[in-house]
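The next block holds one structure in the form of structure tokens; read it before the comments.
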2 protein chains.
Amino acid sequence: MDRELLKGSTPLLLLSLLCEGPMYGYQIIETVRQRTGGSYTLKEGALYPALHKLEATEFISSYWETQENGRERRYYSLQPAGEAFLMAKKKEWNQFVDMVQAFVGPRA
Amino acid sequence: MDRELLKGSTPLLLLSLLCEGPMYGYQIIETVRQRTGGSYTLKEGALYPALHKLEATEFISSYWETQENGRERRYYSLQPAGEAFLMAKKKEWNQFVDMVQAFVGPRA
DNA sequence: TTGACGGACCTCGTTTCGCGAGGCATATTG
DNA sequence: CAATATGCCTCGCGAAACGAGGTCCGTCAA
């Protein structure tokens, strides 16, 4: 997958995932990798900064949870403001796809 | 249109346009603006560097043409290598859209 | 018991890209 | 004559992803 195309899609992806329920970082990476059949591995250097930014703007919130074995995980969950933002992002995404499609032509 | 989403889509757009025939910079900008109903104005600071890069890699080539009024235009045209590259890019684009769609969900 | 592996979090420097703002030059039009 | 449109370009900036690094801890095999 071309790295350049990915730019800007990360927040949309994260928000969409968290819309299904709270998740923690490592889990997000694994989920993305599995759902794409391994063709896209979200990098930590992209994930964590994006997550933190989303939290700073209060689109998501986080909480630590201790597992039975004593280890900790940081879960992120979608906030109401984030849900609204996700809607807007989705609309933007569709417009973007339409736009490019208008030049590239419809899918073969 | 979110500037971040656009990142990486420019070469695909340019190659697709040039696939229809040779064009010059200003014309490309106008064409994009018109075809998107004004919602996307390709900026010069994005266009020219992208064009030059595409030329440096020999995916496109350029030639100057003098108009009747004496003014010059620099036309860019798709090269065979560029055509092949465009095919690959299109495929990549479709995969990318599928990938995001898999998380965002199908279009409403 | 020790060491390797995997889970889990993170940061930092580099690269790449689009943007905004500027520059330059020559028609055309009011 | 001046403003606008045409037409090319570059440069500094900000934002984002990448790659590589770091840390800590549990588990499991040697």
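Throughout, a chain's letter reflects where its sequence line sits, starting with A, and its residues are numbered from 1. No hydrogens, no waters, no symmetry mates; every other heavy atom, side chains included, goes into these values.
- Note: B:Tyr63 and B:Tyr75 have parallel aromatic rings, judged against thresholds of 30 and 60 degrees for the angle between ring planes.
- No donor-acceptor distance shorter than 3.5 angstrom exists from the side chain of A:Thr66 to the backbone of A:Gly70, with no hydrogens or angles considered.
- The shortest non-hydrogen separation linking B:Lys89 to B:Leu12 is CB-CD1, 3.9 Å.
- B:Arg74 comes within contact range of the sugar-phosphate backbone alone, with a heavy-atom separation under 4.0 Å but no base atom that close.
- Within the nucleic acid shown, B:Tyr76 comes within 4.0 Å of sugar-phosphate atoms alone, with no base atom in reach, counting heavy atoms only.
- Judged purely by atom type and a 3.5 angstrom limit, B:Ser9 has no side-chain atom pairing as donor or acceptor with the backbone of B:Leu5.
- Residue B:Gln67 is classed as a sugar-phosphate contact, given heavy-atom separations below 4.0 Å to backbone atoms only.
- Taking atom CD of residue B:Glu72 and atom P of nucleotide C:dA27, one finds them 10 Å apart after rounding to whole Å.
- Annotation for B:Leu86 and B:Ser16: closest pair CD1-OG, 3.6 Å, computed over non-hydrogen atoms.
- Taking all atoms of both residues into account, the shortest heavy-atom contact from A:Leu15 to A:Phe85 is CD2-CD2, 3.5 Å.
- The minimum heavy-atom distance linking B:Met23 with B:Leu18 is given by the pair N-CD2, 3.8 Å.
- When the P atom of C:dT26 is taken as reference, atom CG of B:Asn69 falls 13 Å away, rounded to whole Å.
- For A:Gly70 and A:Thr41, each mapped to the nucleotide of DNA chain D holding its nearest heavy atom, the one lying further toward the 5' end belongs to A:Thr41.
- By the neighbour-count criterion of 12 heavy atoms within 6.0 Å, atom CD of A:Glu58 is sparsely surrounded, having that number or fewer from other residues, nucleotides or ligands.
- When the C1' atom of C:dA8 is taken as reference, atom NE2 of A:His52 falls 12 Å away, rounded to whole Å.
- Classified by interplanar angle (parallel below 30°, tilted 30° to 60°, perpendicular above 60°), the ring pair A:Phe96/B:Trp93 is perpendicular.
- Put simply, CH2 on B:Trp64 is 14 Å from P on C:dA25, counting in whole angstrom units.
- In summary, contact between chain A and DNA chain D, defined as any nucleotide atom under 4.0 Å from a heavy atom of the protein, begins and ends at D:dA16 to D:dT27 in the 5' to 3' direction.
- Across residues 4-24 of chain A, A:Lys7, A:Gly8, A:Thr10 each have a non-hydrogen atom less than 4.0 Å from an atom of DNA chain D (numbered order).
- Distance B:Tyr26 OH to C:dT26 C1': 13 Å, rounded to the nearest Å.
- To the nearest angstrom, P of C:dC10 lies 11 Å from CD1 of A:Ile29.
- Map A:Tyr48 and A:Arg71 each onto its nearest nucleotide of DNA chain C; the residue landing nearer the 5' end is A:Arg71.
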Under-3.5 Å N/O pairs linking protein and nucleotides 20-23 of chain C:
none

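- A salt bridge links B:Arg74 with B:Glu55: the distance from a Lys NZ or Arg NE/NH1/NH2 to an Asp or Glu carboxylate oxygen falls below 4.0 Å.
- Nearest heavy atom pair, residue B:Leu51 against residue B:Ile60, reads O-CD1, 3.5 Å.
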